[in-house]
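Worksheet for the structure shown next.
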Amino acid sequence: MTWTRRHILSLADFTPDEYDTVLQTAASFREVLSRRTKRVPTLQGQVVANLFFESSTRTRSSFELAAKRLSADTLNFAPGTSSLTKGETILDTAKTYLAMGTDMMVIRHREAGVPAAIAAEMDRLKSHVGILNAGDGQHEHPSQALLDLFTICTLLDPEHPRLSLLAGKKIAIVGDILHSRVARSNIWSLTASGAEVHLAGPPTLVPKLFAHYVNPHYDALTSPQSSAELPPATLLPRKLFLHWQLEPALQDADFVMTLRLQRERMTQHLLPSLREYHQQFGITSDRLKLCKPDVKVLHPGPVNRGVEISSDLMDDPKISLIAQQVTSGVAVRMALLYLMGSGRG
Ligand code: NCD
């Protein structure tokens, strides 16, 4: 397919063709990354600015490395030492980078909608700058969900990762769904593949509202079968299920995605204690016995060891895909920068 998307802000309207193009392009960059010389001249002369207004280890380094592997010039921005501290607005900061000839901006911000607002301003100015959302508040984190998808699909078919490999698979997403932009993006991509996505966590962190997230017309919520399980949206095209207990989500699951408890975003007392959370929803080897025998566990990181996942499981290379997720991240972000470069013109 011809890539036409200039900005990558959300996965809500991603098409199956777009997912497959990202997966196939990432597979070819993964091959580049396995060579002795891990660099291609694809974005030579182009400028990629990383505007991270919020903390990050892996996403920021991964985008920087991806841009460098594509031979782009990279600019890194640190809010604490920038003119933001002198009162400059975010839009003016973005316009400053535009005036320097930046071609793509990778943006993370603690408020939802900031990357979209900058993209709208860039379009209004008739610039060809592409904006990539690297995590905006609780809204979305598209590149993380795409690297999760790539990690899962390459496990199923290393040579030809594609969306359809996930059809009929069961994927549990466990933990702090409420505050998670990673969950929101993953819900779009994984349900688009035809997989069954099961959200599990305490009711305070898995609100009923999520049943409407991908199926806005889903209105069967008025009569839950039990207090622990809401009725599934089985008649709807996107299969999203909600659970307030862990067991039904883990039962026969092919993949379990655990999420960090985002304590920095919790404004109310949503949990009794971390110990109790671990007892009820922590992923341990014992609990995984409910899943398919070859189940794999993912976590976007950073991990609270011993809270959302037990420490031994996190380090078990037979089950944990955490390191592969980080490795996949570079190839997937190279693919996104490359495709956006081709869609800007
Ligand atoms: C996530 C994020 O920042 O949204 N991490 C990441 O990008 N790898 C998840 C988190 O912070 O828990």
Side-chain angles (χ1 to χ4, degrees), residues 8-12 26 50-67 76-79 106-116 131-152 171-190 199-202 205-206 213 255-267 270-271 274 277-278 281-283 297-309 314 320-334 336-337:
I8 298 178
L9 302 170
S10 157
L11 296 184
N50 275 325
L51 308 185
F52 278 63
F53 299 90
E54 193 201 79
S55 323
S56 171
T57 302
R58 60 215 90 213
T59 305
R60 183 192 173 122
S61 307
S62 174
F63 269 114
E64 185 176 351
L65 190 57
N76 278 311
F77 160 89
V106 179
I107 300 176
R108 168 171 287 195
H109 197 278
R110 60 189 292 271
E111 302 292 342
V114 168
I131 306 293
L132 211 154
N133 178 7
D136 62 331
Q138 298 175 26
H139 174 227
E140 281 217 40
H141 192 349
S143 66
Q144 178 68 45
L146 292 168
L147 74 86
D148 293 339
L149 186 68
F150 182 73
T151 307
I152 294 176
I171 301 168
I173 306 183
V174 180
D176 186 356
I177 312 289
L178 175 66
H179 298 100
S180 177
R181 53 194 176 207
V182 174
R184 284 175 179 81
S185 288
N186 263 298
I187 289 171
W188 286 119
S189 52
L190 298 175
L199 310 180
L205 299 179
V206 184
Y213 187 63
F255 295 94
V256 177
M257 187 177 288
T258 52
L259 297 172
R260 186 173 67 90
L261 286 178
Q262 311 227 340
R263 279 176 285 171
E264 75 278 15
R265 296 207 171 98
M266 292 188 191
T267 49
L270 298 172
L271 289 171
L274 292 184
Y277 176 83
H278 183 70
F281 291 99
I283 302 298
V297 174
L298 297 98
H299 192 305
V303 179
N304 295 306
R305 267 185 191 266
V307 180
E308 54 259 4
I309 180 170
M314 185 180 161
S320 163
L321 294 178
I322 298 174
Q324 274 100 309
Q325 286 173 276
V326 176
T327 306
S328 300
V330 181
V332 168
R333 288 173 173 128
M334 285 172 80
L336 297 179
L337 293 173

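Atoms within each ligand, like the ligands themselves, are counted from 1 in listed order. What you see below is based on every heavy atom in this structure, not just the backbone, and it leaves out hydrogens, waters and symmetry mates.
- His141 and Arg184 share no donor-acceptor pair across their side chains, judged by distance under 3.5 Å alone.
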Evaluate the salt bridge (charged side-chain N to carboxylate O under 4.0 Å, His left out) criterion for residues Glu54 and Arg181: first the C-alpha distance (whole Å), next the side-chain angles of each, then the deciding distance (0.1 Å), finally the verdict.
-> CA-CA 14 Å; Glu54 193 201 79; Arg181 53 194 176 207; 2.8 Å; yes
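- When the options His141, His299, Glu54 are ranked by their closest heavy atom to atom 7 (O) of ligand 1, first place goes to His141.
- The shortest side-chain heavy-atom distance between Met314 and Arg305 falls under the 4.5 Å cut-off.
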Start with the C-alpha distance between Ser10 and Glu140, add both sets of side-chain angles, then the distance that settles side chain to side chain donor-acceptor pair (under 3.5 Å), and finish with yes or no.
-> CA-CA 6 Å; Ser10 157; Glu140 281 217 40; 2.5 Å; yes
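- Heavy-atom contacts of Gln262 reach the following atoms of ligand 1: 9 (C), 10 (C), 11 (O), 12 (O) (cutoff under 4.0 Å).
- With contacts defined as side-chain heavy-atom distances shorter than 4.5 Å, the pair Val174/Val256 qualifies.
- For the atom pair CZ (Phe281) and CG (Leu259), the distance works out to 12.5 Å, reported to the nearest 0.5 Å.
- Figure legend: cation-pi geometry between Arg333 and Phe63, with NZ or CZ positioned under 6.0 Å from the six-membered ring centre and within 45° of its axis.
- Residue, atom and distance of the protein heavy atom nearest to atom 11 (O) of ligand 1 are Arg260 NH2, 3.0 Å.
- Between Ile173 atom CD1 and Leu199 atom CG the span is 5.5 Å, to the nearest 0.5 Å.
- When only non-hydrogen protein atoms are considered, atom 9 (C) of ligand 1 lies nearest to Gly301 O, 3.5 Å.
- Remark: ligand 1 atoms within the under-4.0 Å shell around heavy atoms of Pro300 are 8 (N).
- Checking only distances, Pro302 never comes within under 3.5 Å of ligand 1, N or O to N or O.
- Residue-level proximity to ligand 1 for Arg108 is carried by the side chain, the only part with a heavy atom below 4.0 angstrom.
- Heavy-atom proximity to atom 2 (C) of ligand 1, evaluated over Glu308, Arg181, His179, is greatest for Arg181.
- Atoms of ligand 1 lying under 4.0 Å from at least one heavy atom of Arg58, given by number and element, are 8 (N).
- Ligand 1 is never approached by Gly135 to a heavy-atom distance shorter than 4.0 Å.
- Atoms of ligand 1 lying under 4.0 Å from any heavy atom of Thr59, numbered from 1 in the order shown and given with element: 6 (C), 7 (O), 8 (N).
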